Amino acid sequence: MNNSKGQDFFKDVLDVARLTPKGRVTSYGAIAKYLGAPKSSRMVGWAMNKAHQFPDVPAHRVVNRIGLLTGKMHFSPPELMEGRLKGEGITVVNDKIVEFKRYFWDPTDELEL
DNA sequence: TATATGACCATAT
DNA sequence: TATATGGCCATAT
């Protein structure tokens, strides 16, 4: 279980999550794609689960590709996720981000490389 | 060691 | 357009 990788991917995910600008949101697949593993979007979600240990990682800005707050149930209070998003100027209705494409922030497109 | 599950995404029918 | 299935990698049991 101690492979040379794994932690790097994990760390990279958290790094991109921290780079997510305030008032913007990104998706698991976008991060995974930026890391070079578009099929490993699940691992991003797994990393986010562990990211709860890192207060500087805005996991609430990471949602699925349709802007649905699938992971809100993993927050201390599930309402905290959409609550933070609303606090950043993002409208959330029915656990879903309104005009998601408008707030969507793609590291591959913004950071490019 | 093997099986099942997961904060997903894309393709196929 | 909606539903079903495959894939991908790591964790947990």
Side-chain angles (χ1 to χ4, degrees):
Chain A
M1 68 197 219
N2 244 359
N3 278 344
S4 308
K5 302 165 148 194
Q7 285 227 325
D8 284 344
F9 186 84
F10 172 81
K11 180 175 171 294
D12 213 352
V13 171
L14 302 184
D15 189 29
V16 177
R18 291 193 198 108
L19 291 175
T20 309
K22 187 184 175 199
R24 296 283 185 194
V25 289
T26 186
S27 65
Y28 308 94
I31 296 176
K33 186 175 183 178
Y34 176 72
L35 298 180
K39 311 289 188 176
S40 306
S41 45
R42 280 177 154 174
M43 299 305 93
V44 178
W46 167 81
M48 287 289 104
N49 195 344
K50 293 292 187 183
H52 268 284
Q53 308 166 34
F54 305 85
D56 52 310
V57 177
H60 61 274
R61 291 183 192 153
V62 182
V63 296
N64 64 355
R65 88 170 188 89
I66 63 177
L68 190 64
L69 281 57
T70 50
K72 71 159 198 172
M73 50 175 70
H74 288 265
F75 281 75
S76 318
E79 303 82 36
L80 181 63
M81 187 171 187
E82 63 179 83
R84 276 181 173 171
L85 291 173
K86 286 179 180 175
E88 295 185 357
I90 299 175
T91 308
V92 180
V93 176
N94 200 351
D95 303 336
K96 184 173 156 236
I97 298 177
V98 180
E99 296 293 300
F100 171 66
K101 293 159 76 174
R102 217 155 84 158
Y103 299 107
F104 182 61
W105 178 81
D106 191 347
T108 311
D109 185 44
E110 300 294 325
L111 302 177
E112 199 64 31
L113 47 88

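As the structure is a computational prediction, the values presented were derived from the model and not from experiment.
- Salt bridge absent: A:R24 and A:E110 never bring a charged side-chain N and a carboxylate O closer than 4.0 Å.
- Taking both residues in full, the closest heavy atoms of A:A47 and A:L14 are given as O-CD2, 4.2 Å, listed atom of the first, atom of the second, then distance.
- Here the side chain of A:M43 is nearest to one of B:dC8, B:dC9, B:dG6, namely B:dG6.
- Comparing the P positions of C:dG6 and B:dA4 gives a spacing of 15 Å, expressed to the nearest Å.
- One can place CH2 of A:W46 at 8 Å from P of C:dA12, the figure rounded to the nearest angstrom.
- Taking atom OH on A:Y28 and atom C1' on B:dA10, their separation rounds to 17 Å, with Å as the unit.
- At a threshold of 4.0 angstrom between heavy atoms, the contacts of A:A47 with the nucleic acid are absent.
- Going from atom CE of A:M48 over to atom P of B:dC9 covers 13 Å, rounded to whole Å.
- Pairing for C:dG6 goes to B:dC9, judged as Watson-Crick or G-U wobble with the two contacts each under 3.5 Å.
- Environment of CZ in A:R18: crowded, with over 12 heavy atoms of neighbouring residues, nucleotides or ligands closer than 6.0 Å.
- A straight line from CZ of A:R65 to C1' of B:dA10 spans 8 Å, rounded to a whole angstrom.
- Counting non-hydrogen atoms under 4.0 angstrom, A:N49 reaches a base of the nucleic acid.
- Comparing B:dT5 with C:dT5, their P atoms sit 15 Å apart, to the nearest whole Å.
- Taking atom CG of residue A:N64 and atom P of nucleotide B:dA7, one finds them 12 Å apart after rounding to whole Å.
- Looking at A:R42, its side chain comes within 3.5 Å of the base of C:dC8 through a donor and an acceptor atom.
- With a cut-off of 3.5 Å on both Watson-Crick or G-U wobble distances, the partner of B:dT1 is given as none.
- Side-chain atoms of A:H52 and base atoms of B:dA7 include a donor and an acceptor less than 3.5 Å apart.
- Using a cutoff of 4.0 Å between basic side-chain nitrogens and carboxylate oxygens, A:E82 and A:K86 are scored as salt-bridged.
- The side chain of A:H74 lies closest to B:dA7 when the candidates are B:dG6, B:dC9, B:dA7.
- Going from atom CZ of A:F104 over to atom P of B:dC9 covers 9 Å, rounded to whole Å.
- For A:K39, taking side-chain heavy atoms from C-beta onward, the closest of the listed nucleotides C:dC8, B:dA7, C:dA12 is C:dC8.
- Whole-Å rounding puts the A:F9 CZ to B:dC8 C1' distance at 11 Å.
- Considering only heavy atoms from C-beta on, A:F75 comes within 4.5 Å of A:H52 through its side chain.
- Residue A:S41 has no polar side-chain atom (N or O) positioned under 4.0 Å from OP1 or OP2 of C:dC8.
- Note: CG (A:L85) to P (B:dA7) measures 18 Å, nearest angstrom.
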